[in-house]
Number of protein chains: 2
Amino acid sequence: MSSAKPSLELLRSLTEEHVLRALMDHPRLTRAEIAAVTGISKPTISDGVRRLVDLGLVVDTGEWSTGRGRAGSYHALAPGCGTALVVSITPQGVTAESVDPFGTVVASSDVPLDRSAGAYAVTPALRTALGRVVSGSGRRLRLGVVSAADPVDRDTGRLVHLPDAPFLVGDLDPRAVLASAVEGPVLVDNDVNWAARAEQAAGQAGAAGGSADFVYLYLDEGLGCAVVSDGEVRRGHSGLAGEIAHLVTEGPEGRAVRLTEVFARLGLRRPGSTAVDVEQVRSRFADASDGDPTLGALATAVSGVLEAVTALADPEVVVLGGGWGREAAFVDELRRRSAALPRTVPVVPALVDREPQLSGARAAALEQLRELVVATVRRPDRV
Amino acid sequence: MSSAKPSLELLRSLTEEHVLRALMDHPRLTRAEIAAVTGISKPTISDGVRRLVDLGLVVDTGEWSTGRGRAGSYHALAPGCGTALVVSITPQGVTAESVDPFGTVVASSDVPLDRSAGAYAVTPALRTALGRVVSGSGRRLRLGVVSAADPVDRDTGRLVHLPDAPFLVGDLDPRAVLASAVEGPVLVDNDVNWAARAEQAAGQAGAAGGSADFVYLYLDEGLGCAVVSDGEVRRGHSGLAGEIAHLVTEGPEGRAVRLTEVFARLGLRRPGSTAVDVEQVRSRFADASDGDPTLGALATAVSGVLEAVTALADPEVVVLGGGWGREAAFVDELRRRSAALPRTVPVVPALVDREPQLSGARAAALEQLRELVVATVRRPDRV
DNA sequence: TCCATTGGGCAAGAGTCCTAACTAAGATGG
DNA sequence: CCATCTTAGTTAGGACTCTTGCCCAATGGA
């Protein structure tokens with residue numbers, strides 16, 4: 001919380017920042033409206049808008065306000081403020097979008113992946129989607145946010161293959177692929193972390209305006225979770241926080257085994273892979289009666305995860321998502337076991353089910369883009 | 001990151017803030033020195049100092065600088081800025097201190113506790129120590145920071161008794177006891193979290209100026225840990241993050257058991273209690289040869305904790321502390337097992353061994369006190 | 001004693017904000 | 001169609017803060 005030096009320049013940039021933020025919250029405003037929204041006087045706002053127009057960050061749209069009294073001329077953020085690139089990479093396909101500072105999707109492209117073609121088709125698909133978005137939006141891409149369905153190294157942004165865990169997307173360096181198209185920083189993280197962000201935005205925890213503390217358990221082909229502490233997704237030193245495949249839990253016959261091995265012992269892995277066979281798990285759940293051994297074994301194993309999560313992160317709630325994590329029979333069984341633990345934690349299914357990783361990444365891109373636009377106006381030091 | 005409204009008042013308060021911070025970093029300065037340190041011009045600093053003297057936050061010490069040139073009059077923070085109370089509560093005794101904005105301990109008191117007298121002697125001991133510090137310092141206590149050797153509820157500040165875990169200090173509401181002596185907020189947290197803060201200050205992790213991500217495993221009568229993520233101790237929703245007693249790990253004979261039960265099965269608990277018998281553990285370690293079964297069983301159980309910590313928090317390093325956690329034989333054995341895990345994590349003994357919880361709490365109190373002093377100068381909104 | 005050196009104050013100037021009053025221009029209603 | 005109301009934007013004046021440059025005061029060394 002170091003403070004900036006007091007100077008008249010600082011005051012001026014603060015005024016400009018208020019104008020920009022007002023124009024991000026409202027697509028178009030007259031100068032009088034900006035003054036009303038920000039609480040700053042009309043002459044000061046007029047000056048600020050003039051400076052921003054000169055800088056090319058704001059434009060006079062040529063439109064005029066209607067209503068009683070004199071019509072005011074509308075101003076808006078200039079298209080030159082640019083857009084942010086949002087990319088989602090899953091085994092099913094690559095989705096790329098560009099969003100402007102209002103959160104509007106300017107261009108988007110979806111390239112499905114043929115699973116049998118192997119991991120090496122990912123890079124060309126990414127390039128294809130990227131090219132379409134670049135030509136479709138026509139504006140400069142000032143930063144990128146990438147969601148990938150694999151663990152991500154926090155420093156390099158590369159996808160990481162952990163032992164005994166599936167490598168769904170495969171070896172990939174998204175920053176290198178995006179470098180030519182995106183002029184600014186590229187933030188890469190795994191899909192579960194972005195999905196957790198979407199859940200947070202949807203009001204999953206910390207609804208009382210406070211800081212969110214929850215854990216998002218994502219149970220699909222891979223086994224992952226996101227830890228949200230004090231309102232932020234915590235990635236850990238190298239970005240591998242939440243990679244729970246090797247967590248020690250209670251396996252069949254009460255023995256201590258790693259979570260990933262439970263699926264091997266129950267025969268729930270896809271042939272020749274360490275990935276969970278989602279279809280098989282779901283069909284087992286569908287047929288399950290009370291006391292079904294597979295259902296019980298999975299609930300026992302995951303309740304060990306709940307125990308670890310409660311002990312280390314103390315979440316307000318644990319959110320269940322993923323291809324089989326939200327199945328009603330499983331959630332019910334897990335709740336029964338959770339209630340019997342010495343420390344219980346509420347378990348709820350995820351709120352967002354349609355592409356949560358994409359909306360979370362989009363929200364992050366939007367926030368980053370806005371900060372970047374504001375930052376162009378305060379050169380010397382931050383406030 | 002909402003910004004303050006631009007106003008001349010903001011500029012003025014920013015100047016005053018710089019003066020205050022300069023006088024916190026250096027016990028006494030002339031106005032010319034303040035101008036040199038802050039980079040603000042001399043007339044502006046003179047004005048700011050005059051205003052702060054009028055407010056009673058700064059005093060002319062009456063002393064004069066020496067050296068070449070004209071002697072300048074020294075200024076310093078006024079004693080009226082107050083002090084912060086720091087309290088450490090352990091089964092061994094209660095320590096209370098008051099620190100001024102420079103980090104100088106103004107008064108301190110230590111009241112040992114007779115363990116056999118039971119938990120009910122804690123409150124009177126706390127009152128005694130508190131009374132001595134209040135009369136010894138003679139200045140107002142503007143806030144309090146309390147370290148307690150038990151889990152702490154984040155909202156209420158009360159100590160919490162978890163099932164199957166020892167309750168060392170016993171039921172206590174530190175805020176209620178301190179309310180009459182401290183005029184401001186009282187922050188209560190458990191000793192392990194404060195000790196982790198001290199380790200961080202000692203440069204344990206994130207030494208490259210970056211944000212620290214590490215876990216502090218505290219193995220003593222109680223079993224606890226602190227999770228430091230992105231440079232801050234993360235407490236979780238209700239403050240119970242790091243209470244690992246119920247973590248599922250590998251117990252004797254390879255069965256899945258909770259960490260606290262391992263000690264019961266090995267006969268390492270104090271009679272009639274859920275607390276670990278530290279003396280017995282240490283003597284077992286002292287006699288242990290290679291392959292000693294107790295040493296091995298404990299290392300196995302704790303390596304399960306390492307596994308969970310790695311999976312969920314992904315620390316740069318795991319710091320071992322507490323009465324038996326730093327024993328060389330144990331650390332060596334744990335390192336051997338850690339190296340064999342699919343995901344390894346460096347394990348190091350704690351750097352700070354003398355009252356780490358106290359120095360961590362003191363650092364927090366100092367930081368809070370400084371912020372509080374600075375806050376008196378910026379009334380309208382924060383920067 | 002003289003002088004270099006440093007602390008502190010004064011004056012002038014530039015820049016930012018605000019209030020208040022003014023002009024400009026569309027909407028309303030008879 | 002015109003007078004009136006209402007609102008947008010500009011201008012003028014004043015208050016305030018910061019900075020630069022200069023002066024004076026006071027101290028220690030030559």
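What's counted below: heavy atoms across the whole structure, side chains too, no hydrogens, waters or symmetry copies. Here is how names work: the chains are called A, B, and so on, in the same order as the sequence lines, proteins then strands, and each is numbered from 1.
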Practice item. Output yes when R378(A) and E371(A) qualify as a salt bridge under the 4.0 Å nitrogen-oxygen rule, no when they do not. Key: yes
Revision key, fill the gap. On DNA chain C, more 5' by nearest nucleotide between S65(B) and S65(A) is S65(B)
Exercise for review: Taking heavy atoms of chain A and a 4.0 Å limit, find me the 5'-most and 3'-most nucleotide of DNA chain C within that range.
Suggested key: dG15(C) to dT28(C)
**Study point:** All side chain to side chain donor-acceptor pair (under 3.5 Å) counterparts of T44(B), not counting sequence neighbours
**Key:** S41(B)
Practice item. Please identify each residue that fulfils side chain to side chain contact (heavy atoms under 4.5 Å, CB included) with A71(A), with sequence neighbours left out. Key: W64(A), S65(A)
Point to revise | Reading 5' to 3' through nucleotides 16-26 of chain D, protein heavy-atom contacts under 4.0 Å coded B for base, S for sugar-phosphate only, - for none | key: BSSBB----BB
Practice item. Figure out the CH2/C1' separation between W64(B) and dG28(D), and round it to whole Å. Key: 16 Å
Show me the donor-acceptor pairs within less than 3.5 Å that the side chains of residues 48-56 of chain B make with the rest of the protein, sequence neighbours left out.
from: R50(B); atom 1: NH2; to: D47(B); atom 2: OD1; distance (Å): 2.8
from: R51(B); atom 1: NE; to: E16(B); atom 2: OE2; distance (Å): 2.5

Review point. How would you list, by chain and number, every residue that makes a side chain to side chain contact (heavy atoms under 4.5 Å, CB included) with E367(A), sequence neighbours excluded?
Key: R197(A)
Point to revise | Any residue meeting side chain to side chain donor-acceptor pair (under 3.5 Å) with R234(B), in chain and number order, not counting sequence neighbours | key: D230(A)
Point to revise | Strand-adjacent residues in residues 22-31 of chain A, judged by heavy atoms under 4.0 Å from DNA chain C | key: none
Exercise for review: Using the test salt bridge (Lys or Arg N to Asp or Glu O under 4.0 Å), find all partners of E232(A) that sit at least two apart in sequence or belong to another chain.
Suggested key: none
Review point. Partners of A202(B) by side chain to side chain contact (heavy atoms under 4.5 Å, CB included), sequence neighbours excluded?
Key: L351(B), V352(B)
Review point. Which residue pairs pass the salt bridge (Lys or Arg N to Asp or Glu O under 4.0 Å) test with at least one member in residues 23-34 of chain B, sequence neighbours excluded?
Key: D25(B)-R370(B), R28(B)-E63(B)
Practice item. Have a look at S73(B) and say if it touches a base, only the backbone sugar-phosphate, or nothing, with a 4.0 Å heavy-atom cut-off. Key: sugar-phosphate
Study note, to complete from the structure: Residues at least two apart in sequence or cross-chain that pass side chain to side chain contact (heavy atoms under 4.5 Å, CB included) with L8(A), listed by chain then number, are L11(B)
